[in-house]
Q: 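Structure in structure tokens, see below.
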Amino acid sequence: MSATPRLFVDDDLSDGASLDLSDEHARYLNQVLRKKLGDPVRVFNGRDGEFEARVENFSKHGGSLTCEHRTREQTTSPDLHLLFAPLKRQRTDLVVEKATELGASVILPVFTARTNADTVRTDRLRAICIEAAEQTERLEIPQVGEPLTLDKALDNWPQDRRLIFADESGDDGAAPWGGATGRAAPILEALTPFKDKQSRWAILIGPEGGFSPDERSTLRTLPFVTSVSLGPRILRAESAALAAMAVWQSVLGDWRG
Ligand code: SAH
């Protein structure tokens with residue numbers, strides 16, 4: 001891993017461009033990393049690839065960099081949305097950080113019947129995405145969507161995007177976890193037939209209390225939904241999100257050769 005710091009900036013990037021450093025970035029480079037004038041820094045903005053830049057100056061509240069040359073061309077992550085029911089703050093933060101590492105293109109909090117959290121700070125989630133993207137060598141930042149209810153998300157669903165519904169339950173209401181009947185197919189088996197056929201995807205993960213029976217039966221009947229099992233153990237919501245994304249990346253995403 002390169003020791004050259006990597007920063008996300010808003011400005012357009014080109015050879016010779018001068019970039020103003022925010023107060024926060026300047027403090028980080030100057031006081032935390034003890035960078036000096038002329039030291040290299042890598043910058044990206046989600047549009048123009050990655051550039052090597054040099055520290056031009058530090059001032060009282062900021063400073064500037066000069067862009068030298070492009071080190072990487074812009075690429076995009078696969079078209080994978082993650083819809084998840086907001087959890088307690090730290091767990092939500094974890095989902096967002098790891099979804100960025102795992103290459104989600106959109107992260108969308110959805111309120112379901114059993115969601116406990118009632119607010120989501122999208123500005124905070126966006127900041128987490130930026131930090132994770134800086135560390136993970138990603139060239140773009142996942143988009144954090146405005147939270148909405150599951151009903152609304154499903155009502156406005158684009159028919160050409162398949163939705164992977166992570167469903168741990170069976171159909172027997174009297175048995176623990178719904179017993180063995182009516183379980184969704186294992187995720188690998190469920191996704192393999194879509195190899196090379198479908199490019200727009202989303203994954204839906206429920207809250208700690210799971211989906212309500214109504215939500216579950218609605219999801220199961222929608223034509224754009226593929227229900228999947230993530231194995232015989234009940235995972236915490238954040239583990240389920242990461243596990244489903246990892247399998248998706250391996251079968252349909254950019255972890256393939
Ligand atoms: N039904 C549970 C557990 C919910 S776990 C309860 O009532 O407490 C939180 C979410 O993670 C679920 O809604 C589901 O989307 C996902 N999940 C967890 N384990 C899973 C598994 N083995 N297979 C599929 N999805 C799973």
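Atoms within a ligand are numbered from 1 in the order they appear, just like the ligands themselves. Sequential numbering from 1 along the given sequence is applied to the chain's residues. Predicted, not measured: the structure shown is a model, and the values here were computed from it.
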Q: Regarding Glu140 and Ser77, do their side chains bring together a donor and an acceptor under 3.5 Å, going by distance alone?
A: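 Their side chains do contain a donor-acceptor pair, which is all the 3.5 Å distance test asks for.
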Q: Check for a donor-acceptor pair, side chain of Gln74 on one end and backbone N or O of Leu139 on the other, with a separation under 3.5 Å.
A: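 Yes; judged by distance alone, with no hydrogens or angles, the pair exists.
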Q: How does Trp177 reach ligand 1, if at all, at less than 4.0 Å between non-hydrogen atoms: by side chain, backbone, both, or neither?
A: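 For Trp177, only side-chain atoms sit under 4.0 Å from ligand 1.
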Q: Among all the protein's non-hydrogen atoms, which is closest to atom 7 (O) of ligand 1, and how far away is it?
A: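 Here the nearest protein heavy atom works out to Gly209 O, 3.0 Å.
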Q: Would you say Leu235 has any N or O atom under 3.5 Å from an N or O of ligand 1, going by distance alone?
A: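 Yes.
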Q: Would Leu204 count as being in polar contact with ligand 1, using the rule that some N or O on each side must be under 3.5 angstrom apart?
A: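 No: no nitrogen or oxygen of Leu204 is under 3.5 Å from one in ligand 1.
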Q: Answer yes or no: does an N/O atom from Ser229 fall short of 3.5 Å to an N/O atom of ligand 1?
A: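 No, there is no polar N/O contact under 3.5 Å.
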Q: With a 3.5 Å cut-off and no angle check, do the side chains of Arg162 and Thr226 form a donor-acceptor pair?
A: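 Per modelled atom types, Arg162 and Thr226 side chains form a pair under 3.5 Å.
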Q: Polar contacts were defined as any N/O atom of the residue lying under 3.5 Å from an N/O atom of the ligand; does this apply to Ala237 and ligand 1?
A: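 The answer is no, given that Ala237 and ligand 1 share no N or O pair closer than 3.5 Å.
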Q: Please state which option from Ala240, Ala244, Ser227 has its nearest heavy atom closest to atom 16 (C) of ligand 1.
A: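 Checking each option, the heavy atom nearest atom 16 (C) of ligand 1 is found in Ala240.
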Q: Identify, for atom 21 (C) of ligand 1, the protein heavy atom at the shortest distance, and state residue, atom and that distance.
A: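 Nearest protein contact, heavy atoms only, for atom 21 (C) of ligand 1 is Glu168 CB, 3.5 Å.
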Q: What do we get for Pro207 next to ligand 1 when only non-hydrogen atoms under 4.0 Å count, side chain, backbone, both or neither?
A: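 Contact part for Pro207 vs ligand 1: backbone (N, CA, C, O).
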Q: Short N/O distance, under 3.5 Å, between Ile205 and ligand 1?
A: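 So ligand 1 has no N or O lying under 3.5 Å from an N or O of Ile205.
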Q: Once you restrict to heavy atoms under 4.0 Å, what part of Glu208 touches ligand 1? Side chain, backbone, both or neither.
A: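 Backbone only.
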Q: Report yes or no: do Arg138 and Thr100 form a side-chain donor-acceptor pair below 3.5 Å?
A: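 No, no side-chain donor-acceptor contact under 3.5 Å.
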Q: Strictly below 4.0 Å, N to O, side chains only: are Glu50 and Arg6 in salt-bridge contact?
A: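 Counted as a salt bridge, because a side-chain N and a carboxylate O are separated by less than 4.0 Å.
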Q: By number and element, which atoms of ligand 1 are closer than 4.0 Å to a non-hydrogen atom of Phe211?
A: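 Checking each atom against Phe211, I get 13 (O), 15 (O).
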Q: Using a strict 4.0 Å cut-off to heavy atoms of Val228, name the atoms of ligand 1 that fall inside it.
A: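 Those qualifying, in numeric order: 24 (C).
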Q: Could you tell me the residue and atom name of the protein heavy atom closest to atom 23 (N) of ligand 1, and the distance to it rounded to 0.1 Å?
A: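 Ranking protein heavy atoms by distance from atom 23 (N) of ligand 1, first comes Leu230 N, 2.8 Å.
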Q: Honestly curious: do Leu125 and Phe111 fall in one hydrophobic cluster under the side-chain, below-4.5 Å linking rule?
A: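 Yes; Phe111 is reachable from Leu125 via cluster members.
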Q: Between Glu101 and Thr136, is any side-chain donor less than 3.5 angstrom from a side-chain acceptor?
A: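 Absent: no donor and acceptor within the cut-off.
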Q: Using only atom types and a distance under 3.5 Å, with no angle test, would you say the side chain of Arg72 pairs donor to acceptor with the backbone of Glu137?
A: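 Yes; judged by distance alone, with no hydrogens or angles, the pair exists.
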Q: So that I know where these two stand, are Phe51 and Phe44 an aromatic pair - ring centroids less than 6.0 Å apart?
A: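 Distance test on ring centres: not under 6.0 Å, no.
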Q: Which protein non-hydrogen atom lies closest to atom 15 (O) of ligand 1, naming both residue and atom, and how far is it?
A: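 Atom 15 (O) of ligand 1 sits closest to the protein heavy atom Ala166 O, 2.7 Å.
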